[in-house]
Peer 1: 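Handing you a structure now.
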Amino acid sequence: MGVVLLAPCCHSLLRSVHISFCICTLYNLHILVELIAVSAGAEGPGYDYSAYTECKYHPEAPLYNGGVLVDRSGRIPVAYHKTETGVYAPAFLLYNLTETTRYSFSCWVKAKGTGSALVRATLSAEGSTLNCIGTVLARSGCWSFLKGGFVLDSFSRSSVLYLQDVDEKMTEISVASASLQPFSVEQWSMHQQDSIRTRRKRAVTIHVSDEQGNLIGGASVSIRQSSRDFPIGSAIANTILGNKQYQEWFAERFNAAVFENELKWYATEPEPGRLNYTLADEMLEFVVSNQIIARGHNIFWEDPIYTPSWVRKLSGDDLRAAVRSRIESLLSRYRGQFVHWDVSNEMLHFDFYEQRLGSNASSEFFRTAQQSDPLATLFMNEFNVVETCSDARSTVDSYISRLKELKNGGAVLEGIGLEGHFWRPNIPLMRAVLDKLSTLELPIWLTEIDISKKVDAQEQALYLEEVLREGFSHPSVGGIILWTALHPNGCYQMCLTDQSFGNLPTGDAVDELLKEWETTEGGLTDEHGQYSFIGFLGEYKVSVVAGNKSTETSLFLSRGGETKHVTVHL
């Protein structure tokens with residue numbers, strides 16, 4: 001069990017002696033404490049994906065038994081840090097943090113004397129401050145789970161990790177079961193590969209025999225993956241229409257797509273009753289003809305700037321009739337053709353429709369959409385949830401709370417969309433956010449991945465690779481869409497190619513990962529007529545040759561814990 005703060009004793013001592021730190025445990029009071037230094041080597045603990053969204057009467061035990069926060073006495077000492085605003089925040093003193101380490105932080109938090117408080121974990125290191133490495137909506141009377149993490153730019157001999165109310169109120173915060181676990185780059189990669197092996201791949205044994213059932217050893221087996229099970233794609237715009245080079249480039253790589261703007265309300269109905277689906281129809285024809293699945297984006301965008309001007313002038317029953325017509329027109333036209341629909345886009349940041357139609361308006365949107373296209377998975381889509389925790393409007397807990405509200409209000413909400421417009425990714429935080437969202441047991445998609453154009457091309461490629469590896473390896477991510485629709489003047493933030501479809505560094509990064517996440521191999525059957533391999537999920541062409549006989553068969557590799565056995569007769 002972690003240490004619960006004794007706030008009164010620490011506060012009084014701090015006021016009397018005017019020092020910055022005070023170590024306060026249930027048993028002892030110390031001014032300084034030396035934490036155990038742990039160097040992360042090749043061996044280490046596996047990553048713990050555990051997360052909790054419910055508020056509990058008692059906190060759970062700390063992950064990793066507290067990690068490097070445990071002192072020599074086996075306790076997790078908690079300090080107080082005096083912030084610039086004069087607030088004393090619970091804190092942990094850390095030593096010898098390195099830039100080559102990924103740190104996973106977690107703790108349980110309780111607020112006293114208030115209904116709730118948004119608590120942010122901040123790391124103050126030598127030369128820099130990471131303003132947010134995790135958040136939690138803390139309540140009084142029960143414990144809430146914070147999970148986050150960080151990576152430093154440079155070595156820090158001494159650092160302070162502290163928690164405070166985002167609103168900088170004098171909220172008394174208690175912390176329990178804290179943990180800080182370091183992972184080396186190699187360990188982090190090992191966790192990703194372990195997850196990929198269990199979630200994205202499966203073992204196969206091919207048994208080769210003749211028509212009489214006699215096993216054939218030494219037969220040549222060639223295995224080529226023809227399609228992926230995991231959806232990876234990009235946004236496209238109407239610029240792909242009539243552009244054969246663009247179409248071929250796209251279809252060679254991706255099995256999923258989303259239309260950048262062509263399905264948005266302002267594009268399909270710029271004036272009341274004047275519907276125009278021409279561009280969307282033509283783009284859909286392209287994706288369908290190339291066996292590419294498409295996400296529907298979006299039915300409603302809560303930001304009034306992107307709401308048709310004529311809709312902004314409506315209210316009451318007129319607005320209700322317009323939104324119902326929008327849903328029914330759009331989804332009846334494309335019934336069964338889009339695997340997902342982003343029903344409400346960015347509703348943590350904007351609330352145009354709920355301001356006009358009441359707090360239950362979005363729940364009604366989801367119900368109507370489900371009736372119009374029961375086969376589509378209905379998503380809420382949001383930014384700054386997985387990219388950062390500094391945006392108080394879109395913390396992981398606020399997203400979870402909104403998703404629960406919608407479901408409790410009767411919405412048929414079936415998917416979680418994370419846009420993923422990154423600047424410099426905090427990969428440990430990204431994983432922690434995905435862990436917490438996973439507790440809802442809904443499909444999670446990264447829907448609009450890109451890296452800010454404020455960094456150079458090589459950094460874009462490096463950061464993109466980090467994000468894609470993390471997304472592909474996380475057990476709860478169901479698909480990844482890049483936000484890289486190509487226009488004559490470039491892309492929104494990040495392109496994969498130049499105008500002649502020559503790869504940029506980001507395009508090279510994507511192509512290399514796509515190749516890495518595809519199985520192509522071959523060899524000879526053993527004396528028992530068997531050839532075994534572990535392949536990525538998807539469809540395969542299997543060719544077998546023995547002597548003057550040969551055959552080819554198809555194999556679909558779906559998820560499963562057992563080895564898949566396939567018999568091939570020559």
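Residue numbers run from 1 in the order of the sequence given. Below, each value reflects all heavy atoms present in this structure, side chains not excepted, and no hydrogens, waters or symmetry copies.
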Peer 1: With a 4.5 Å limit on heavy-atom distance, are the side chains of Leu130 and Leu152 in contact?
Peer 2: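 A side-chain contact exists here, since the closest heavy-atom pair is under 4.5 Å.
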Peer 1: Rounded to the nearest 0.5 Å, how far apart are CZ of Arg431 and OG of Ser104?
Peer 2: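 So the CZ of Arg431 and the OG of Ser104 are separated by 8.5 Å.
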Peer 1: Between the side chains of Arg326 and Thr268, is a donor N or O closer than 3.5 angstrom to an acceptor N or O?
Peer 2: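 Side-chain D/A pair, Arg326 to Thr268: present.
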Peer 1: Using a strict cut-off of less than 4.0 Å between a Lys/Arg side-chain nitrogen and an Asp/Glu carboxylate oxygen, indicate whether Glu512 and Lys515 qualify as a salt bridge.
Peer 2: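 Salt bridge absent between Glu512 and Lys515.
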Peer 1: Does a side-chain heavy-atom distance below 4.5 Å link Arg393 with Ser398?
Peer 2: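 No, every pair of side-chain atoms sits at 4.5 Å or beyond.
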Peer 1: Could you pull out the closest heavy-atom pair between Gln181 and Gly67, with the gap in Å?
Peer 2: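 That closest heavy-atom pairing would be OE1-CA, 3.6 Å.
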Peer 1: For the residue pair Phe250 and Tyr246, categorise the inter-ring angle as parallel (less than 30°), tilted (30 to 60°) or perpendicular (more than 60°).
Peer 2: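 If you compare the ring of Phe250 with that of Tyr246, the planes turn out perpendicular.
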Peer 1: Show the numbers, then the answer: is there a side chain to side chain contact (heavy atoms under 4.5 Å, CB included) between Tyr399 and Leu440?
Peer 2: CA-CA 11 Å; Tyr399 201 14; Leu440 299 180; over 6 Å; no
Peer 1: Hey, does the side chain of Ser372 reach the backbone of Thr368 with a donor-acceptor pair shorter than 3.5 angstrom?
Peer 2: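 Yes, the answer is positive, given that a donor and an acceptor are paired below the 3.5 Å cut-off.
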Peer 1: Could you check if a side-chain atom of Leu442 sits within less than 4.5 angstrom of a side-chain atom of Leu413, using non-hydrogen atoms only?
Peer 2: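 Side-chain contact under 4.5 Å: yes.
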Peer 1: Would you say the ring centroid of Tyr47 lies under 6.0 angstrom from that of Trp188?
Peer 2: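 Yes, the ring centres sit under 6.0 Å apart.
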Peer 1: Are Phe230 and Trp517 an aromatic pair, judged by ring center distance below 6.0 Å?
Peer 2: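 Ring centroids of Trp517 and Phe230 are no less than 6.0 Å from each other.
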Peer 1: If a pair satisfies disulfide bond (SG atoms under 2.5 Å apart) and one of its residues is in residues 456-487, list it, with sequence neighbours excluded.
Peer 2: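 Non-adjacent pairs meeting disulfide bond (SG atoms under 2.5 Å apart): zero.
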Peer 1: What class does the angle between the rings of Phe338 and Trp341 fall in, given that below 30° is parallel, 30 to 60° is tilted and above 60° is perpendicular?
Peer 2: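 Plane angle between 30° and 60°, so tilted.
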Peer 1: When the ring planes of Trp249 and Phe501 are compared, do they come out parallel, tilted or perpendicular, using 30° and 60° as the limits?
Peer 2: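 Geometry flag for Phe501 against Trp249: tilted rings.
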Peer 1: When you check the side-chain N and O atoms of Ser452 and Tyr463, is any donor under 3.5 Å from an acceptor?
Peer 2: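 Distance-only check fails for Ser452 and Tyr463.
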Peer 1: Between His421 and Glu448, does any side-chain donor sit less than 3.5 Å from a side-chain acceptor?
Peer 2: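 Side chains of His421 and Glu448: pair found under 3.5 Å.
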Peer 1: Verify, without hydrogens or angle tests, whether Lys147 (side chain) and Ser50 (backbone) share a donor-acceptor contact under 3.5 angstrom.
Peer 2: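 Such a contact is found between Lys147 side chain and Ser50 backbone.
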Peer 1: Check Val109 against Cys107 and note the closest heavy-atom contact, atom names and distance.
Peer 2: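 What the structure gives for the nearest pair is CG2-SG, 3.7 Å.
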Peer 1: Could you check Ser362 against Tyr353 for side chain to side chain contact (heavy atoms under 4.5 Å, CB included), going step by step and ending with a plain yes or no?
Peer 2: CA-CA 8 Å; Ser362 296; Tyr353 294 99; 5.7 Å; no
Peer 1: Quick one: does any side-chain atom of Glu354 pair with a main-chain N or O of Phe352 as donor and acceptor, under 3.5 Å?
Peer 2: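 Judged by distance alone, no pair lies under 3.5 Å.
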Peer 1: Kindly say whether His487 contributes a backbone atom to a donor-acceptor pair with the side chain of Gln499 at under 3.5 angstrom?
Peer 2: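 Yes, because the side chain of Gln499 sits within donor-acceptor range (under 3.5 Å) of the backbone of His487.
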Peer 1: Between the side chains of Thr395 and Asp397, is a donor N or O closer than 3.5 angstrom to an acceptor N or O?
Peer 2: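 No, Asp397 and Thr395 have no side-chain donor paired with an acceptor closer than 3.5 Å.
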Peer 1: Identify the residue among Leu429, Val396, Val433 that makes a side chain to side chain contact (heavy atoms under 4.5 Å, CB included) with Cys389.
Peer 2: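 Result: among Leu429, Val396, Val433, Leu429 is the only option passing the side chain to side chain contact (heavy atoms under 4.5 Å, CB included) with Cys389.
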Peer 1: So, Tyr531 and Glu521: side-chain donor and acceptor under 3.5 Å apart, yes or no?
Peer 2: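 Judged by distance alone, the side chains do pair up.
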Peer 1: Show your working on side chain to side chain contact (heavy atoms under 4.5 Å, CB included) between Leu263 and Tyr334 and close with a plain yes or no.
Peer 2: CA-CA 11 Å; Leu263 283 170; Tyr334 297 116; 3.8 Å; yes
Peer 1: Does Tyr49, at its OH atom, have more than 12 non-hydrogen atoms belonging to other residues, nucleotides or ligands within less than 6.0 Å?
Peer 2: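 Enclosed.
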Peer 1: As a test of understanding, state which of Met347, Glu346, His297 forms a side chain to side chain contact (heavy atoms under 4.5 Å, CB included) with Asn381.
Peer 2: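 Checked Met347, Glu346, His297 against Asn381; only one passes side chain to side chain contact (heavy atoms under 4.5 Å, CB included): His297.
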Peer 1: Could you check Phe350 against Asn345 for side chain to side chain contact (heavy atoms under 4.5 Å, CB included), going step by step and ending with a plain yes or no?
Peer 2: CA-CA 9 Å; Phe350 311 102; Asn345 199 51; over 6 Å; no
Peer 1: Would you say CD of Glu441 has more than 12 non-hydrogen atoms from neighbouring residues, nucleotides or ligands within 6.0 angstrom?
Peer 2: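 At most 12 heavy atoms, drawn from other residues, nucleotides or ligands, come within 6.0 Å of this atom.
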Peer 1: Any idea which heavy atoms bring Ser332 and Ser329 closest together, and the distance?
Peer 2: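 Closest pair (atom of Ser332, atom of Ser329, distance): OG-O, 3.3 Å.
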Peer 1: Rounded to the nearest 0.5 Å, how far does CG of Leu513 lie from CZ of Phe472?
Peer 2: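 Rounded to the nearest 0.5 Å, the CZ-CG separation comes to 9.0 Å.
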Peer 1: Go through Ser195 and Ser473 one step at a time and tell me if the side chain to side chain donor-acceptor pair (under 3.5 Å) criterion holds.
Peer 2: CA-CA 6 Å; Ser195 179; Ser473 65; 5.4 Å; no
Peer 1: Looking at Glu282, I'd like to know if its CD atom is crowded, meaning that more than 12 non-hydrogen atoms belonging to other residues, nucleotides or ligands lie closer than 6.0 Å.
Peer 2: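 Yes.
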Peer 1: Could you pull out the closest heavy-atom pair between Val258 and Arg295, with the gap in Å?
Peer 2: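 Minimum heavy-atom separation between Val258 and Arg295: CG2-O, 3.6 Å.
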Peer 1: How long is the span from the CG atom in Asp508 to the OG1 atom in Thr497, to the nearest 0.5 Å?
Peer 2: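 With rounding to 0.5 Å, CG (Asp508) is 11.0 Å from OG1 (Thr497).
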Peer 1: To the nearest 0.5 angstrom, please state how far the NZ atom of Lys264 sits from the CG atom of Asn298.
Peer 2: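 Rounded to the nearest 0.5 Å, the NZ-CG separation comes to 6.0 Å.
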Peer 1: Quick one: sort the Trp265 and Phe300 rings into parallel, tilted or perpendicular, breaks at 30° and 60°.
Peer 2: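 Trp265 vs Phe300 ring planes: perpendicular.
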Peer 1: What closest approach, in Å, do Leu557 and Phe536 show between heavy atoms, and which atom pair accounts for it?
Peer 2: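 Taking every non-hydrogen atom into account, CD2-O, 3.8 Å.
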Peer 1: At their closest point, which heavy atom of Pro182 faces which heavy atom of Gln187, and how far apart are they?
Peer 2: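 Minimum heavy-atom separation between Pro182 and Gln187: O-OE1, 4.0 Å.
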Peer 1: Under the rule for salt bridge (charged side-chain N to carboxylate O under 4.0 Å, His left out), what residues qualify as partners of Glu516, not counting sequence neighbours?
Peer 2: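 Checked Glu516 against salt bridge (charged side-chain N to carboxylate O under 4.0 Å, His left out); matches are Arg469.
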Peer 1: With side chains defined as the heavy atoms from C-beta onward, is the minimum distance between Phe254 and Ile292 less than 4.5 Å?
Peer 2: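 Side chain of Phe254 against side chain of Ile292, heavy atoms only: no contact under 4.5 Å found.
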Peer 1: Checking the side chain of Ser189 only, and the main-chain atoms of Val185 only, is there a donor and an acceptor separated by less than 3.5 Å?
Peer 2: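 Pair absent, no side-chain N/O of Ser189 close to backbone of Val185.
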Peer 1: I'd like to check the salt bridge (charged side-chain N to carboxylate O under 4.0 Å, His left out) partners of Arg559; sequence neighbours left out, ordered by chain and number.
Peer 2: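 Once residues adjacent in sequence are excluded, Arg559 has no partner under the salt bridge (charged side-chain N to carboxylate O under 4.0 Å, His left out) criterion.
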Peer 1: Is there a ring-ring contact (aromatic ring centres under 6.0 Å, His included) between Trp301 and Tyr266 once you walk through the steps?
Peer 2: CA-CA 10 Å; Trp301 196 342; Tyr266 64 75; 7.1 Å; no
Peer 1: Indicate whether the side chain of Glu99 and that of Ser154 have a donor and an acceptor atom separated by less than 3.5 Å.
Peer 2: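 Result is no, nothing qualifies.
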Peer 1: In terms of side-chain heavy atoms, does Asp391 have a donor or acceptor partner in His349 at a distance below 3.5 Å?
Peer 2: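 Note: Asp391 and His349 side chains meet the donor-acceptor criterion.
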Peer 1: Under a 4.0 Å N-O cut-off, is there an ion pair linking Arg402 with Glu405?
Peer 2: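 Here Arg402 pairs with Glu405 in a salt bridge, since their nearest N and O are under 4.0 Å apart.
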Peer 1: For Gln247 and Ile240, indicate whether the former's side chain and the latter's backbone hold a donor-acceptor pair under 3.5 Å.
Peer 2: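 Between the backbone of Ile240 and the side chain of Gln247 there is a qualifying donor-acceptor contact (under 3.5 Å).
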Peer 1: Whether the side chain of Gln493 engages the backbone of Lys453 through a donor-acceptor N/O pair (distance < 3.5 Å, no angle test) should be reported.
Peer 2: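 Yes; judged by distance alone, with no hydrogens or angles, the pair exists.
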Peer 1: Look at the side chain of Thr506 and the backbone N and O of Cys495, then say whether any donor-acceptor pair between them is shorter than 3.5 Å.
Peer 2: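 Yes, Thr506 side chain to Cys495 backbone: donor-acceptor pair under 3.5 Å.
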Peer 1: Does a donor on one side chain sit under 3.5 Å from an acceptor on the other, for Ser532 and Thr205?
Peer 2: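 The criterion, which ignores hydrogens and geometry beyond distance, is satisfied for Thr205 and Ser532.
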Peer 1: Give a yes or no on whether the backbone of Asp435 and the side-chain of Thr439 come within a donor-acceptor separation of less than 3.5 Å.
Peer 2: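 No; judged by distance alone, with no hydrogens or angles, the pair does not exist.
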Peer 1: Counting only heavy atoms not in Lys407, do more than 12 sit closer than 6.0 Å to its NZ atom?
Peer 2: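 Counting other residues, nucleotides and ligands, NZ of Lys407 stays at 12 neighbours or fewer.
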Peer 1: Hey, does the side chain of Asn384 reach the backbone of Thr388 with a donor-acceptor pair shorter than 3.5 angstrom?
Peer 2: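 No.
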